[in-house]
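Heads up, the thing below is written out as structure tokens.
Every value quoted in this text rests on a predicted model; they were computed, and no experiment measured them. We name chains A, B, ... by the order of the sequence lines, and we start the count at 1 in each one.
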Protein chains: 2
Amino acid sequence: MIVIDYQDKRPIYEQIIDRFQILILNGALEPDMQLPSVRALAVELSINANTIQRAYSELEHRGLIYSVKGRGNFVSAQQDVVKEQQEKLLEELRTQLQVCKESGIEFIHVLDCVREIYQEVKV
Amino acid sequence: MIVIDYQDKRPIYEQIIDRFQILILNGALEPDMQLPSVRALAVELSINANTIQRAYSELEHRGLIYSVKGRGNFVSAQQDVVKEQQEKLLEELRTQLQVCKESGIEFIHVLDCVREIYQEVKV
DNA sequence: CAAAGTGTATTAATTGTATTAGTACACTTA
DNA sequence: TAAGTGTACTAATACAATTAATACACTTTG
């Protein structure tokens, strides 16, 4: 379910956050579904439990999961929270698009990228 | 010409790299134009000269500038180098687009972002 | 030639973050 | 009661970013 890429320069906890966020936003993890326990996932990924804890704390802070002492962590995913996080992703996309524009990349080339990613059929 | 954002979590040298790269890619800095000296820019930005040196080294490694001992740093900007860096930016854009897609963001919303950034006229 | 300005290299010290390790406590479930 | 859960805390380690202080080689200018 979760894979750590040690080539990736980003911190481990950030990778975990991003993976779970994607799974929650696209509905792969449904509301009230239980997440792996902090300790279990730590063992599975061969990393320290504190690192998992840090990731879960941030996910809770974003409203994507909720935690119950003694029971575990569960998917929250109220629709407005999903929308909010998707809007944040679009804001990051705008920033990247702005850089592309300022770097002299033409509209058509950006458009080709969007089609390339979003189209199922070959170009 | 260059501004440091201390709110930005990215390292200073990276911000400097990105700013100069944009100025070179879009042609604001023309080939063989001289860049501020390592020491002068350090004073202007109130940071250490080593940080500037690090940024210039990376820009040279990308082929965007060339340095001459005793004289200074100058814009290289061969057209193929420009194309190469633009392609790197598009690759980053693809990654971000993939995240958007996997996060359940619809094609139309992404398209709106692209139009919003690239259109001069109001939507 | 001498001075000033340039890039470059090196070492040391400081700071902040990521990660691991170990422990402890409160809670829930079987 | 025992096992499993979240949570909090401290300590130690490792690494990256940044600053600081030199030093050296080179070029330009007076």
Side-chain angles (χ1 to χ4, degrees), chain A residues 1-21 24 29 31-77, chain B residues 1-21 24 29 31-77:
Chain A
M1 183 186 285
I2 301 292
V3 180
I4 297 178
D5 178 9
Y6 287 100
Q7 311 300 320
D8 197 328
K9 303 157 204 164
R10 292 177 312 158
I12 298 174
Y13 76 90
E14 206 172 299
Q15 295 184 41
I16 297 173
I17 292 170
D18 289 355
R19 290 310 305 162
F20 272 117
Q21 168 158 311
I24 294 173
L29 294 182
D32 297 321
M33 191 174 282
Q34 184 165 10
L35 276 66
S37 79
V38 168
R39 291 175 179 81
L41 187 54
V43 170
E44 182 187 328
L45 299 182
S46 302
I47 62 178
N48 194 275
N50 293 333
T51 305
I52 308 291
Q53 172 64 21
R54 178 159 186 181
Y56 280 7
S57 293
E58 174 58 23
L59 286 167
E60 185 182 22
H61 180 259
R62 294 186 190 178
L64 290 170
I65 70 176
Y66 60 92
S67 67
V68 184
K69 235 191 221 175
R71 291 195 54 219
N73 287 276
F74 305 86
V75 177
S76 164
Chain B
M1 182 185 285
I2 300 293
V3 180
I4 297 178
D5 178 9
Y6 285 100
Q7 311 299 321
D8 197 327
K9 303 156 204 164
R10 291 178 311 157
I12 298 174
Y13 74 89
E14 206 172 299
Q15 295 184 40
I16 296 173
I17 292 170
D18 290 354
R19 291 309 304 161
F20 272 116
Q21 168 158 309
I24 295 174
L29 294 182
D32 297 320
M33 191 174 282
Q34 184 164 11
L35 276 66
S37 81
V38 168
R39 291 176 180 80
L41 187 54
V43 170
E44 182 187 327
L45 300 182
S46 300
I47 63 177
N48 194 275
N50 294 335
T51 306
I52 308 291
Q53 173 62 23
R54 177 159 187 181
Y56 280 7
S57 293
E58 173 59 22
L59 286 167
E60 186 182 22
H61 180 260
R62 294 186 190 178
L64 291 169
I65 70 176
Y66 62 92
S67 67
V68 184
K69 232 190 222 177
R71 292 195 54 218
N73 288 276
F74 305 86
V75 177
S76 164

Please report the distance, rounded to the nearest Å, between CD1 in B:I65 and P in C:dT6.
15 Å

base_contact_polar (C:dG7 base, B:R39 side chain, donor-acceptor, <3.5 Å)
yes

Between B:G72 and A:R54, which residue's closest nucleotide on DNA chain C lies nearer the 5′ terminus?
B:G72

Which sits closer to the 5' end of DNA chain C, B:Q53 or A:A49, going by the nucleotide each is nearest to?
B:Q53

Apply side-chain contact (heavy atoms from CB on, under 4.5 Å) to B:R62 and B:I17, showing your working.
CA-CA 10 Å; B:R62 294 186 190 178; B:I17 292 170; 3.4 Å; yes

If I take atom CD1 in residue A:I52 and atom P in nucleotide D:dG6, what distance separates them, rounded to the nearest angstrom?
11 Å

Within residues 5-14 of chain A, residues whose heavy atoms come under 4.0 Å of DNA chain C
A:P11, A:I12, A:Y13

Integer-rounded Å distance: C:dA9 C1' and B:K69 NZ:
9 Å

For A:G72 and A:Q34, the nearest pair of non-hydrogen atoms, with its separation, is CA-NE2, 3.9 Å

Say whether B:Y66 and B:D32, considering side chains only, have a donor N or O and an acceptor N or O under 3.5 Å apart.
yes

Might you confirm whether atom CE of A:M33 has over 12 heavy atoms from other residues, nucleotides or ligands at distances under 6.0 Å?
yes

Can you check the B:L41 CG to C:dG5 P distance for me, whole Å?
16 Å

Looking at every strand, decide which applies to B:N50 at a 4.0 Å heavy-atom threshold: base, sugar-phosphate, or nothing.
base

